[in-house]
Structures are given as C-alpha cells and as structure tokens.
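Okay, so here's the structure we're looking at.
Source: prediction; values computed, not measured. Proteins come first, then strands; the chains are lettered A, B, ... in the order of their sequence lines, and each starts at number 1.
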Amino acid sequence: MATTIQKPRGTQDVLPKQIAIWQYIEQQLRETCTRFNYKEIRTPMFEHIELFKRGVGDTTDIVSKEMYDFFDKGNRHIALRPEGTASTVRAYVENKLYGETDIQKLYYLGPMFRYERAQKGRLRQFNQFGIEALGSFDPMIDAEVVALAMDFYQNLGLANIKLVINTLGDLESRLAHRQALVAHFTPVVEELCQDCQSRLEKNPLRILDCKVDAKHPSMATAPKIIDYLNDESRVYFETVLATLTQMEIPYVVDPTLVRGLDYYNHTAFEIMLDDPNFGAQTTLCGGGRYNGLVEQLGGPATPGIGFGLGIERLILALEQQNVTLPITDQLDVYVMGLGANAKTASAKLLNQVRQAGLSGEMDYQGRGMKAMFKAANRVQAKYAIILGEEELANHVCQVKNLVEATQETIALNDVVAYLQANQ
RNA sequence: GCGAUUGUGGUGAAGUGGUUAACACAUCUGAUUGUGGUUCAGACAUUCGAGGGUUCGAUUCCCUUCAGUCGCCCCA
C-alpha cells in the first residue's frame with residue numbers, strides 16, 4: 001500500500017457524520033441574518049498582505065506572527081485571510097458600496113487562516129461567521145450587532161453564555177488614557193514581563209490584558225478607560241448599555257477587556273462560554289466598533305461595527321453543553337429487489353420514487369434479504385419496499401412500514417402516491 | 001514559536017525485547033430455501049503513525065519526523 005498522506009497540521013475534515021450539524025448552523029445563521037436584514041458578501045480567501053498589515057495592524061499577533069503568507073508566481077505577496085473585517089471593508093471601498101445607500105449591513109461565512117500551534121478550539125484553518133454594519137454611528141446599531149449574536153446562540157439552545165462588554169473610547173479619550181497608562185507603568189516597567197515591556201511603547205492598553213502580570217500590584221490601580229472618556233464617548237457607551245438593557249440582554253462590563261486588533265474603538269465585546277470545564281478557548285465571539293478603518297483603507301470616513309464568531313468553537317461548546325440540535329437523518333424508503341429481474345425493476349421503482357421528491361436507497365452489495373433489512377435500519381428508512389419475482393409478475397410490491405412493522409401489498413403504479421400519502 | 005504528553009485493526013482500547021498481538025463494539029457471513037433492530041456460531045491487524053539506528057531478534061530500547069491532546073502566548 002502506498003504511504004498515506006495526512007492533512008496539514010491544524011486543519012480538519014468535516015465528515016458526513018458531522019455535516020448535518022454544520023448545515024444546520026449555517027442555515028440558522030442565514031435565517032438570523034434575514035431577520036436582522038444583513039446581506040451576504042463573499043470575498044476572496046486570499047488578499048494582498050498589505051491589506052491586513054494596514055487594516056488589522058502591523059503590531060498585532062495576528063499579522064506579526066500568525067499570517068499564512070506566500071509569494072505567488074507573479075511574485076505578489078499574498079496572505080490567506082486571518083479574519084473577515086479587513087476583506088469586507090476592502091470590498092466595500094473597492095466596489096463603492098457607500099454610494100448605494102448610507103448604511104450597509106453585511107455578513108460573511110467561510111474559512112480563515114492563522115498560522116498557530118493548534119490545540120482544541122484553535123486551528124490553522126477555521127470557519128468564521130461575521131457581520132459588519134458600515135455607515136452608522138448610532139448606539140442602537142451597536143446594540144443590534146450584539147443582539148444578533150445573542151439571538152443566534154439562544155435560538156440554538158446554547159446556555160451558559162456570558163456577554164462581556166467594554167468601551168475603548170474615541171481617539172481623544174484613548175490618547176488621554178494611553179498617556180496615563182504609560183505614566184502609571186513606566187516606574188514599574190522592570191517588574192513586568194518581557195511582552196509587557198514592549199507593549200508599553202507599542203500598545204500599553206494590552207498590558208491590562210496580560211495574564212502573566214495579572215497579579216502585579218500596579219494592575220489593580222491602573223487607570224481605567226472609563227475615567228478618561230470624554231463626554232461624547234461616555235454618553236455613547238451608556239446609551240449602548242441602556243439599549244441592551246431595554247432589549248433584556250444581560251451583560252457584564254469588564255474594564256480590562258481589550259481586543260487584539262488595532263482597529264477597534266468605542267464598543268468592544270466578547271461572548272464567552274461560562275463553563276469552567278471547557279478548556280482554554282472560551283471566547284465564542286468577539287467584535288467591536290472600528291470607526292476610521294474605512295478611511296484607513298482608502299474609503300470615505302465611515303463608521304463601522306461588527307463581530308466574528310467561530311463555528312468550530314461553537315460546535316465544541318454545543319457538544320460540551322450537551323445541546324441537541326433538531327437534526328433528523330432519515331430516508332423515506334429502502335427498495336429491495338429479489339432476483340435478477342426484480343432487482344432491475346426495483347432500480348426503476350427507486351428512480352421513480354426519487355423523481356417524485358422522496359429519498360430512497362437500494363442495495364448495491366448483493367446482500368441477502370435479511371442483510372437488506374439491516375441496511376434499511378441503518379439508514380433509518382421509514383419504509384421498505386419488497387419486490388420479488390412473484391410481485392413483479394403481478395405488478396405489485398410489499399410496502400412495509402419499518403417503524404410500525406406493518407405491511408401492505410400495493411400496486412406498482414400506486415406506490416409513489418401511497419408513500420406520499422403516508423408521509 | 002516554547003514546554004509536557006500521546007500515537008496498536010473501522011472504533012474504543014490490553015500487551016510483551018523472541019515461535020499464534022488480548023478483549024469489547026462495529027462490519028460481514030450463517031442458524032434450512034423471501035422479512036429487520038434480540039440471541040448463538042464463525043470471519044475480520046504478515047502488523048503495532050512514518051523513516052532510520054541498536055540487537056541474533058523490536059510493536060516493545062534510541063534518534064528523527066509527522067500528527068493529536070494539554071499548558072504558555074494569543075485569539076474564533
């Protein structure tokens with residue numbers, strides 16, 4: 001036997017057994033978007049690497065060390081997309097979607113790529129669903145974006161989820177906060193971890209998010225963004241929270257919540273699985289506002305907000321919480337032909353059944369009748385049709401209800417009508 | 001990228017430096033000739049992730065590599 005080839009590290013095959021779950025989830029996502037009036041957009045899975053450097057940010061982990069990039073035959077520097085927002089905004093700008101209407105509500109669904117060490121809930125190719133609302137700077141739409149995610153999870157029946165929210169403020173607020181952070185941490189910088197020492201210059205906000213230094217005394221007393229918000233930013237955030245409250249969506253404000261991508265400002269949120277037995281990757285969904293990103297990518301000044309959520313992590317969470325999805329994997333009929341002539345006739349009959357819109361299967365392994373019944377059970381067929389030489393001669397067949405274990409003789413010409421009447 | 005750990009048939013798993021690699025489930029066949037999910041009998045790994053080394057001999061020892069899992073980092 002030739003040596004087998006394995007899938008690349010951090011990738012996954014979704015097998016037929018699992019596919020019903022995926023299709024169900026995807027269908028729920030699309031249905032949710034329809035209700036919230038978000039339209040799908042499909043962008044390439046690879047882009048010029050520059051897009052992510054400019055859009056997501058050079059200093060972020062995603063861009064600086066997790067990019068799946070290569071040079072193509074035309075020597076273009078290409079990267080597989082690590083997230084969906086940059087591509088969506090690029091398409092928005094490139095296709096001048098801002099000219100169609102003043103607000104665009106978009107969603108995407110597809111694989112993303114990040115070159116990381118794989119572990120449970122973290123893959124090199126994973127699937128993300130995300131939405132982007134472009135063109136509105138209204139706290140109601142921040143609430144709507146959060147509400148869509150929560151609505152989706154709740155409809156699936158996923159319990160034990162926690163919405164964590166924070167504001168990063170606008171540019172002015174962030175600058176004031178940043179200065180305060182630098183002033184606060186500079187005296188103790190030597191005591192912080194290596195990463196935080198470099199964060200102090202590049203992005204001091206991220207120090208707050210550091211797990212290594214979480215217990216350092218300077219953390220508790222660190223300046224909080226809330227104290228540095230200007231009036232506009234504060235009122236905006238308060239309105240977002242008030243709207244969520246009106247919508248009866250519970251949330252927890254976490255002043256230390258900092259998202260990893262450079263483009264965020266104002267509202268930032270995560271939805272996490274609130275279960276201590278779940279493993280290290282508890283973030284199911286993350287998002288926030290990114291006013292300024294559209295400009296940064298060459299478009300007109302346009303506010304935006306969105307989120308991304310991971311399908312693989314969602315499935316893990318559903319399994320962990322023992323959520324059963326309403327998925328049925330049944331077949332309408334299993335046709336059994338006995339003898340050469342009847343076998344041929346059964347193929348014809350099966351084809352008629354299928355053309356009539358019913359699902360069906362037959363045996364292609366030369367099995368005996370007993371084995372065919374077992375096969376029929378395995379595919380969860382509702383009916384078995386037995387067609388032997390004798391029935392064939394009389395233009396009839398036996399239709400057996402496998403659930404009730406009842407059986408009737410039906411004329412071949414009436415089989416389809418009989419099955420349709422007994423769905 | 002770093003650290004730890006694991007890798008035996010379709011699946012879950014025992015096991016040992018040496019003539020036949022347990023067991024269970026699944027699958028297939030049969031238990032008189034055309035009827036299922038129970039029971040019983042039988043079949044099913046020239047092979048122990050891959051490559052190399054030590055040895056008279058390795059699935060068991062060593063090295064390399066690939067992959068999984070967990071932790072760090074980060075995030076979906």
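Along RNA chain B, the nucleotide nearest to A:Thr406 and the one nearest to A:Arg313 differ in position, and the one closer to the 5' end is contacted by A:Thr406. Nearest-nucleotide positions on RNA chain B place A:Ala371 closer to the 5' end than the other of A:Ala371 and A:Asn127.
Rounded to whole Å, the C1' atom of B:G53 lies 30 Å from the corresponding atom of B:A13. Comparing the C1' positions of B:U29 and B:A22 gives an interatomic distance of 24 Å, to the nearest angstrom. Rounded to the nearest Å, the gap between the P atom of B:G52 and that of B:G10 is 22 Å. Annotation: B:A14 and B:C48 have their C1' atoms spaced 12 Å apart (nearest Å). On the P atoms, B:A21 is 32 Å away from B:C66, given to the nearest whole Å. Taking atom C1' on both B:U64 and B:U54, the two are 15 Å apart, rounded to the nearest angstrom. With C1' as the reference atom, B:C72 and B:C63 are 27 Å apart, rounded to whole Å. As rounded to the nearest Å, B:G15 and B:U20 have C1' atoms that lie 15 Å from one another.
Nearest to the side chain of A:Asn377, among B:G37, B:U35, B:C28, sits B:G37. Comparing B:C2, B:U35, B:C28 by their closest approach to the side chain of A:Lys400 singles out B:U35. In this structure, of B:G71, B:U35, B:C75, it is B:C75 that holds the atom nearest to the side chain of A:Arg114. Distances were taken from every side-chain heavy atom of A:Arg378 (C-beta onward) to each of B:U27, B:C2, B:C66; the shortest belongs to B:U27. In this structure, of B:G36, B:U35, B:G1, it is B:U35 that holds the atom nearest to the side chain of A:Met369. Checked against B:G71, B:G34, B:C73, the side chain of A:Lys65 finds its nearest nucleotide in B:C73. The side chain of A:Gln6 lies closest to B:A67 when the candidates are B:G3, B:G34, B:A67. Comparing B:U27, B:A76, B:U69 against the side chain of A:Arg122 picks out B:A76 as the nearest.
Taking the six-membered ring for Trp, A:His266 and A:Tyr236 have ring centres closer than 6.0 Å.
Nucleic acid contact class of A:Glu390 (heavy atoms, under 4.0 Å, all strands): base. No engagement by A:Gly130 is indicated, since no non-hydrogen atom pair under 4.0 Å with the nucleic acid exists. Heavy atoms of A:Asp61 sit under 4.0 angstrom from primed sugar atoms or phosphate atoms, though from no base atom. Residue A:Gly337 is out of contact with every strand shown, counting any heavy-atom pair closer than 4.0 Å. Here A:Gln407 lies in heavy-atom contact (under 4.0 Å) with a base. As judged by a 4.0 angstrom heavy-atom cut-off over every strand, A:Ile62 is placed among residues making no nucleic acid contact. At a threshold of 4.0 angstrom between heavy atoms, the contacts of A:Glu391 include nucleobase atoms, whether or not backbone atoms are also involved. Looking at heavy-atom distances under 4.0 Å, A:Glu116 makes contact with a base. Residue A:Phe307 is out of contact with every strand shown, counting any heavy-atom pair closer than 4.0 Å.
A:Met372 and A:Leu338 make their closest contact through CE-CD2, 3.8 Å (heavy atoms, listed as atom of the first residue, atom of the second, distance).
Nucleotide B:C48 forms no Watson-Crick or G-U wobble pair with any nucleotide shown, as no partner meets the under 3.5 Å limit on both distances. Pair check for B:C28 finds B:G42; Watson-Crick or G-U wobble, both atom distances under 3.5 Å. Applying the Watson-Crick and G-U wobble criteria (two distances, each under 3.5 Å), B:C70 pairs with B:G3. Here B:C56 sits opposite B:G18 as a Watson-Crick or G-U wobble pair (both hydrogen-bonding atom distances under 3.5 Å).
Under the side chain to side chain donor-acceptor pair (under 3.5 Å) criterion, the residue pairs touching residues 45-54 of chain A are A:Glu47-A:Ser87, A:Glu47-A:Arg90, with sequence neighbours excluded.
Contact between the side-chain N/O atoms of A:Tyr334 and the OP1/OP2 oxygens of B:G36 is not found at any separation under 4.0 Å.
Note: A:Tyr418 and A:Tyr383 have perpendicular aromatic rings, judged against thresholds of 30 and 60 degrees for the angle between ring planes.
Under the 3.5 Å distance criterion, the side-chain polar atoms of A:Asp254 are left unmatched by any main-chain donor or acceptor of A:Ile165. A:Lys105 places a side-chain N or O within 3.5 Å of a backbone atom of A:Phe36 that can act as its donor or acceptor partner.
A:Glu83 and A:Arg81 are not joined by a salt bridge, as no carboxylate oxygen comes within less than 4.0 angstrom of a charged side-chain nitrogen.
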